[in-house]
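In this chain, residues are counted from 1 in sequence order.
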Amino acid sequence: MSSKITRDMLLETSQNVLTYSKDTKKRNFVETVELQVVLKNFDPSRDKRFSGTVRLRNAPKPKFTVCVLGDESHCDEARANNIPAMTVDELKKLNKDKKLVRKLSQQYDAFLASDVVIRQIPRILGPGLNKAGKFPTAITHSDSLVQKVEEIKSTIKFQAKKTICLAVAVGNVGMTTDELAANINLSVNFLVSLLKKNWQNVRALYVKSTMGKPQRLY
């Protein structure tokens with residue numbers, strides 16, 4: 001399956017996004033860069049919904065936060081590396097209170113949980129994290145916690161919703177042109193591999209920073 005996007009197109013689009021954000025209209029925060037996709041020949045109500053995750057070379061969101069819901073050993077390792085962590089006893093203190101669990105889910109972008117703790121999460125917290133789409137990823141003691149956190153920070157998810165449009169964060173304006181282009185390239189190729197008819201399902205691709213103008217890639 002050949003890509004319909006050349007390296008020059010990727011670099012030019014990435015450069016346009018970064019130039020607008022850094023030179024034309026600089027903001028007081030680091031803007032996220034999104035890949036916006038418009039599908040065709042795809043009916044969300046009839047066709048099988050696709051879903052998949054891919055790890056990018058560079059973490060898209062610099063302020064992406066991960067919290068470890070761990071056993072004693074994982075919590076110690078997390079705190080030693082300045083990673084937020086909560087023990088089972090601390091989770092129990094939330095008393096399955098929906099407001100407190102919702103507050104926890106809003107406080108962090110993603111969660112990791114020790115393999116011995118993850119089975120207890122529904123019982124201790126109820127369905128709150130799952131409803132927020134943030135059910136924890138399991139970790140074992142053979143995993144490197146720091147590497148696992150980096151992996152989660154660098155992983156994005158494509159998921160078909162009820163419309164033919166979707167948007168995914170693929171970078172930020174603090175990146176170099178090459179870093180952003182590499183992330184966009186990986187994202188596009190992975191998305192196309194998920195689609196039943198590959199490129200025949202893609203009507204248009206745009207790249208846009210939070211406050212910037214959309215730049216058409218395809």
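Environment of CD in Gln200: sparse, with no more than 12 heavy atoms of neighbouring residues, nucleotides or ligands closer than 6.0 Å. Sparse packing is recorded around CZ of Arg57, with 12 or fewer heavy atoms of other residues, nucleotides or ligands lying under 6.0 Å away. Other residues, nucleotides and ligands contribute over 12 non-hydrogen atoms within 6.0 Å of the NZ atom of Lys40. Annotation: Gln147, atom CD; neighbour count of heavy atoms from other residues, nucleotides and ligands within 6.0 Å does not exceed 12. Other residues, nucleotides and ligands place more than 12 heavy atoms under 6.0 Å from the NZ atom of Lys22.
With values rounded to the nearest 0.5 angstrom, Asp71 atom CG is found 9.0 Å from Asp76 atom CG. One finds the CG atom of Asn185 at 8.5 Å from the CZ atom of Arg7 (value rounded to the nearest 0.5 Å). With values rounded to the nearest 0.5 angstrom, Glu34 atom CD is found 10.0 Å from Leu166 atom CG.
Under the 3.5 Å distance criterion, the side-chain polar atoms of Arg79 are matched with a main-chain donor or acceptor of Ala85. Between the side chain of Glu150 and the backbone N or O of Val146, no donor-acceptor pair lies under 3.5 Å. Put simply, the side chain of Thr32 never gets that close to the backbone of Thr210: no donor and acceptor are under 3.5 Å apart. Without hydrogens or angle criteria, Thr163 side chain to Cys165 main chain gives a donor-acceptor distance under 3.5 Å. A donor-acceptor contact shorter than 3.5 Å is absent between the side chain of Ser209 and the backbone of Ser21. Remark: side-chain polar atoms of Lys208 are paired, donor with acceptor, to backbone N or O of Gly212 under 3.5 angstrom. Proximity of a side-chain donor or acceptor of Asn172 to a complementary backbone N or O of Glu31 within less than 3.5 Å is not detected. In this structure, Asn183 contributes its side chain and Leu180 its backbone to no donor-acceptor pair below 3.5 Å. A donor-acceptor pair is defined here as one N or O able to donate and one able to accept, closer than 3.5 Å; no such pair exists between the side chain of Asn58 and the backbone of Gly171. A donor-acceptor pair under 3.5 Å links the side-chain atoms of Lys96 to the main chain of Arg123, judged by distance alone.
Under a hydrophobic clustering in which Ile, Leu, Val, Met, Phe, Trp and Tyr are joined whenever their side-chain heavy atoms come within less than 4.5 Å, directly or via other members, Tyr20 and Ile184 fall into different clusters. Cluster membership for Leu56 and Val30, using ILVMFWY side-chain heavy atoms within less than 4.5 angstrom, is shared. In terms of hydrophobic clustering, with Ile, Leu, Val, Met, Phe, Trp and Tyr side chains grouped at heavy-atom distances under 4.5 Å, Leu69 and Leu112 are assigned to different clusters. Hydrophobic clustering (ILVMFWY, side-chain heavy atoms < 4.5 Å, transitive): Leu39 and Val54 are in one cluster. In terms of hydrophobic clustering, with Ile, Leu, Val, Met, Phe, Trp and Tyr side chains grouped at heavy-atom distances under 4.5 Å, Leu217 and Met175 are assigned to a common cluster.
Side chains of Asn16 and Thr19: a donor-acceptor N/O pair is absent below 3.5 angstrom, by distance only.
Taking both residues in full, the closest heavy atoms of Phe42 and Asp47 are given as CA-OD2, 3.3 Å, listed atom of the first, atom of the second, then distance. Smallest separation of non-hydrogen atoms from Lys134 and Ser105: NZ-O, 2.6 Å. The shortest heavy-atom contact between Arg49 and Lys162 is NH2-CG, 3.6 Å.
Residues passing the salt bridge (Lys or Arg N to Asp or Glu O under 4.0 Å) test with Arg46 are Asp43, sequence neighbours excluded.
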Verdict with supporting geometry, Gln107 and Cys67, side chain to side chain contact (heavy atoms under 4.5 Å, CB included)
CA-CA 9 Å; Gln107 203 174 342; Cys67 180; over 6 Å; no
Show the numbers, then the answer: is there a side-chain hydrogen bond (donor to acceptor under 3.5 Å, both in side chains) between Thr13 and Gln215?
CA-CA 6 Å; Thr13 304; Gln215 304 282 343; over 6 Å; no
Could you walk me through whether Phe158 and Leu35 pass the side chain to side chain contact (heavy atoms under 4.5 Å, CB included) check?
CA-CA 11 Å; Phe158 284 103; Leu35 173 67; 4.2 Å; yes
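Using a 4.5 Å heavy-atom cutoff, the side chains of Lys103 and Lys99 are not in contact. Taking the side chain as every heavy atom from C-beta outward, His74 and His141 approach each other to under 4.5 Å. Phe50 places none of its side-chain heavy atoms less than 4.5 Å from the side chain of Asn201.
Cluster partners of Leu11: none. The rule joins Ile, Leu, Val, Met, Phe, Trp and Tyr whenever side-chain heavy atoms lie under 4.5 Å apart, and it links nothing here.
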